[in-house]
Amino acid sequence: MRKTLSIVILACAMTAVSAQQSNVVSVVPDGTPIQYNPMLFGQFIEHFDNQVYGGIFDPGNPLSDEDGFRTDVIEAMKAIKVPIVRWPGGCFVSSYHWKGGIGPERTAVFDKSWGVEDPNTFGTDEYIKWCRKVGCEPYICTNAGTGTPEEMSDWVEYCNLNVGKWGRLRQEYGHQEPYNVKYWSVGNENYGRWELGARTVAEWGPYVAESAKLMRAVTKDLKLFAAATNGREWTLPLLKSAGWILDYISIHGYWNFTTHKNTIAPYIKCMMYTNAPENDINKTIKLLDEAGFGGGKIKIAYDEWNLRSWHHPGHGMLRQGFDLEARRNNDINSTYTMADAVFSACFLNSCLRHSDVVDIACFSPIVNTRGAIRVDRDGITRRTTYYTFYMYTNMLEKYMVPVSLTCPNLTYENQQTPVLDAVLTSDKEGKRFVYAIVNKDPDNSTSLTIDFASMNKKAPKKLNGWVLSGRSADDYNDRGDEHVKPEQHTFRVSNGSVTIPPHTVAFITVE
């Protein structure tokens, strides 16, 4: 399986041909369809700025329900069928002690990661209740910075048992049935100097192993993750010490780096980043193979990702301190253009192509900051990335079909990327197909020849589908003006070819 997919990916994502050669996409003759995990379309929420408080949780707001949850946000998340949400961080979790966020009496704490006071009014019980309303799986990331393995296992007990001090305490607080939280991560970015309680390479693997042992001692069938990278120096020692007890390794990716300076990359530069996620995935797969955990024995969770990193000047620069007001720059809707939508589609295509190993991904975050949804006191804005998720969660079929793609490169300065990206999905019987095709070119439509014979189909005169595009590559959505959203489109077929508009995510159905 892995050998077949690798060949397909090379053809799909890396082939460069002359501009005169036709763009062609076809089904790989010996490729095996794979049922991908819808968890690839997951999300992330952190106690950072206005993501939780004033984002998903806003007691007293007329748009919130009796539990303080914003109903407009919940309905928007239901519409994109959010399968899983990772919480409470992120960097926040590395100094977060969950026991202060349960029960009727809450004490506010100073959040050392982000330099603000957290009221602790949104804790484990609120998170679980919110997940149930959204209809998603909870995924808890534990404190591997200032926390302990026992604290992690106590958290599992609180969520999953009816016995023991913490299981009984949950019942005393009015939650009689176990939450049965299945997904748990040991730590967040503990390899980074910016992370509170960062670990050394030598410390990390044994620490993860002991933490995982304690957690599994509470609930045997947990799905356990550990913070990793695509680099050998960190991840191979981790796998050597703890691979035997893990289900996933967690990797993160942001490419338009805007942490300290809010320098928003233009559309064309963002397109040059679209190869990077797949490169990271391939490097990580090689590490798993080298460590003896390839072939899906341990899977990859890309559980924090976004084109643009969060803007929070001063983070990790402890002598300098935080510029809290600068975080408002994350809220500017005009930042989130077709570049973000197209990049996100390319990211999801990369995960889908590797869906035998990449099993979970979490966009970072779901609301506010660089989120797919911007939340104001009196409503929400669905940014361009929101509608990328809408298409992928509502329009694809369930099985990935390997394809090969030839196309010319899009060039910017000394960088290149294939102008097109494509994946193909089908139903179980292989009778109905849906292509997800991206045209990265900011200005020009691109013709693509579909090899219908490779799908055992005759070329029709037209195909039905949907397109997500804008009036320009820099178009965006704003409050009361969400015009960048999927629209039905008829693709005329001429000599087996269709035309993909510029800066577009296109879904095409072949029946």
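Under the 6.0 Å cut-off for aromatic ring centres, F507 and Y392 qualify, their centroids lying closer than that.
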#### Entry: Full working for salt bridge (charged side-chain N to carboxylate O under 4.0 Å, His left out) between R86 and E304
CA-CA 9 Å; R86 178 173 174 256; E304 263 192 60; 3.1 Å; yes
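When the ring pair (Phe, Tyr, Trp, His ring centres under 6.0 Å) test is applied to F48, the partners found at least two apart in sequence or on another chain are W114, W310, H312. Here D475 pairs with R471 under the salt bridge (charged side-chain N to carboxylate O under 4.0 Å, His left out) rule; sequence neighbours left out. Under the side chain to side chain donor-acceptor pair (under 3.5 Å) criterion, E290 pairs with R232, sequence neighbours left out. Remark: H311 engages no residue in a ring pair (Phe, Tyr, Trp, His ring centres under 6.0 Å) (not counting sequence neighbours). With sequence neighbours excluded, the residues that form a side chain to side chain donor-acceptor pair (under 3.5 Å) with Y387 are E482. Remark: E157 engages no residue in a salt bridge (charged side-chain N to carboxylate O under 4.0 Å, His left out) (not counting sequence neighbours). Residues satisfying the ring pair (Phe, Tyr, Trp, His ring centres under 6.0 Å) criterion with H175, sequence neighbours excluded, are Y179. Taking the ring pair (Phe, Tyr, Trp, His ring centres under 6.0 Å) definition, one finds that F44 meets it with nothing, sequence neighbours left out. Applying the salt bridge (charged side-chain N to carboxylate O under 4.0 Å, His left out) test to R193 and every residue at least two apart in sequence or in another chain returns nothing. Scanning for salt bridge (charged side-chain N to carboxylate O under 4.0 Å, His left out) contacts around D65 gives K133, with sequence neighbours left out. Y302 is linked by a side chain to side chain donor-acceptor pair (under 3.5 Å) to D280, counting only residues two or more places apart in sequence or in another chain.
Note on R328 versus D331: salt bridge recorded, some NZ/NE/NH1/NH2 to OD/OE distance being below 4.0 Å. The pair R479-D376 meets the salt-bridge criterion, with a side-chain N (NZ, NE, NH1 or NH2) lying under 4.0 Å from an Asp/Glu carboxylate O. Between D58 and R377 a salt bridge is recorded (basic side-chain N to carboxylate O distance below 4.0 Å).
The aromatic rings of Y96 and W155 sit tilted relative to each other, their planes meeting at an angle between 30° and 60°. Ring geometry for F57 against F69 counts as tilted: the plane angle lies between 30° and 60°, on a 0 to 90° scale. Ring geometry for W255 versus F343: interplanar angle of 30 to 60°, hence tilted.
At least one side-chain heavy atom of L348 sits under 4.5 Å from a side-chain heavy atom of W305. With a 4.5 Å cut-off on side-chain heavy atoms, T284 and I249 count as touching.
Judged by distance alone, the side chains of T274 and K440 do bring a donor and an acceptor atom under 3.5 Å apart.
Just one residue in the list D478, N330, N368 forms a side-chain hydrogen bond (donor to acceptor under 3.5 Å, both in side chains) with R374, and that residue is N368.
Among residues at least two apart or in separate chains, ring pair (Phe, Tyr, Trp, His ring centres under 6.0 Å) pairs with a member in residues 213-232 are Y139-F225, F225-Y248.
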